[in-house]
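Notes follow the structure.
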There are 2 protein chains.
Amino acid sequence: MPSKPINSDNWRAALGKNGFRVTTAQQTLIDIFAHSEYPLSAEQAWDVARQSRPKTGRATVYRMVEKLENLGLIRRVHGYQGCSHFVPTLPEQMMLFICMECGRADYLDRQPLDDLIEQSEHISGRQITESRLQLFGACADCKQDA
Amino acid sequence: MPSKPINSDNWRAALGKNGFRVTTAQQTLIDIFAHSEYPLSAEQAWDVARQSRPKTGRATVYRMVEKLENLGLIRRVHGYQGCSHFVPTLPEQMMLFICMECGRADYLDRQPLDDLIEQSEHISGRQITESRLQLFGACADCKQDA
DNA sequence: CATCTTATTGATACCAAGTATCAATAAGAT
DNA sequence: ATCTTATTGATACTTGGTATCAATAAGATG
């Protein structure tokens, strides 16, 4: 449930710019990932895809997931219900929150975390090239309902 | 490479206290996980185990990994080289750093992160029950060598 | 110490997620 | 309208992990 809805035209454009052909299989999958409120696995995306495009092959989905991840359009969610669910990447640097009640993904500003990491780099002499923070719990809505 | 070496006797004791029998297969695996400087997958641990105890079965390793994880003695590393490598859990709340040059695990105080999370909880109305931060990069030694 | 109970083990077969292959298809350049 | 070649879908395969079940061995008991 990204606060900014994803524009799947941009995704198509991104594929085009990178020399990929824009096929119907791709369009189907792009729309699925761009508009899902929930992290989706390749297998789940495959199921959804076949509802509107039954011939869609399994390998095609995995290939497309890889492509979208490499282009930075989707991003892997580790931990909650497996390590291979994907959510749209938002333009800004953000970190993920997954509500374990309703399953929806939400995004938080990660500037404070980046500050923290930079501090830690200075103190420790390490160089940190990748950081992965994911938060799990109950979103404001679900917390209320409980 | 936990700064505090793990005492595998404690792990044996923990198993005993929880009503598990202390078998030779368990001892082998405990020693492997407790003393490895690197995150180990079940498959890797199996390979190592069979060097000193060739009859060790695959399922046994997976069962033991699950047991150790449930008891909180080892902890899963998501992301670097797969999602199913394990490192010893240290007594304190710490977060993980993995050096992508030498592969060794190191631990950082996570108090600052917890403070950050608590702040975020207050502001957003969310309840955060689990947080997973892992940092990847070059440790001080490897950074020097580069 | 000998016996008994039962958790644990290892072998095997299995399952599911993901990958490699390759002939058929369809973008889209010409 | 044709041609080139990226992409596709079907299939077979690999790999990480699980279920089953008879055999083994902790360790409790007498």
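Values below: all heavy atoms of this structure, side chains included; hydrogens, waters and symmetry mates excluded. We name chains A, B, ... by the order of the sequence lines, and we start the count at 1 in each one.
- With A:Y80 contributing its side chain and A:M100 its backbone, the two residues share a donor-acceptor pair below 3.5 Å.
- At a threshold of 4.0 angstrom between heavy atoms, the contacts of A:A59 include nucleobase atoms, whether or not backbone atoms are also involved.
- When heavy atoms are screened at a 4.0 angstrom cut-off, B:T60 is found touching base atoms of the nucleic acid.
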Exercise. Mind running side chain to side chain contact (heavy atoms under 4.5 Å, CB included) on B:Y38 and B:R104 for me, showing each step along the way?
Key: CA-CA 5 Å; B:Y38 311 97; B:R104 281 182 295 193; 3.2 Å; yes
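- No path of Ile, Leu, Val, Met, Phe, Trp and Tyr side chains, each step under 4.5 Å between heavy atoms, connects B:V22 with B:F33, placing them in separate hydrophobic clusters.
- In this structure the side chain of A:I30 reaches within 4.5 angstrom of the side chain of A:L15, judged on heavy atoms.
- Among the heavy atoms of the strands, none lies under 4.0 Å from B:S41.
- For DNA chain D, the span of nucleotides reached by chain A at under 4.0 Å from its heavy atoms goes, 5' to 3', from D:dT5 to D:dA10.
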Self-check item: Evaluation steps, side-chain hydrogen bond (donor to acceptor under 3.5 Å, both in side chains), between A:D115 and A:Q119
Solution: CA-CA 6 Å; A:D115 294 344; A:Q119 256 186 341; over 6 Å; no
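- When heavy atoms are screened at a 4.0 angstrom cut-off, B:R50 is found touching no nucleic acid atom at all.
- The main-chain N or O of B:T24 is found under 3.5 Å from a side-chain atom of B:T28 such that the two form a donor-acceptor pair.
- Here the side chain of B:Q26 pairs a donor or acceptor atom with the backbone of B:R21 at under 3.5 angstrom.
- Summarising the geometry, the separation between CZ on B:R21 and P on C:dC4 is reported as 16 Å, rounded to the nearest angstrom.
- Around atom CD of B:E130, more than 12 heavy atoms belonging to other residues, nucleotides or ligands sit under 6.0 Å away.
- Remark on DNA chain D: of its neighbouring residues A:T56 and B:R58, the 5'-side contact belongs to A:T56, judged by nearest-heavy-atom nucleotide.
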Practice problem: Give the dot-bracket string for DNA chain C, reading 5' to 3', where a pair is Watson-Crick or G-U wobble with both distances under 3.5 Å, ( ) marks pairs inside the strand, [ ] marks pairs crossing earlier ones, | marks a partner on another strand, and . marks unpaired. | Solution: ||||||||||||||||||||||||||||||
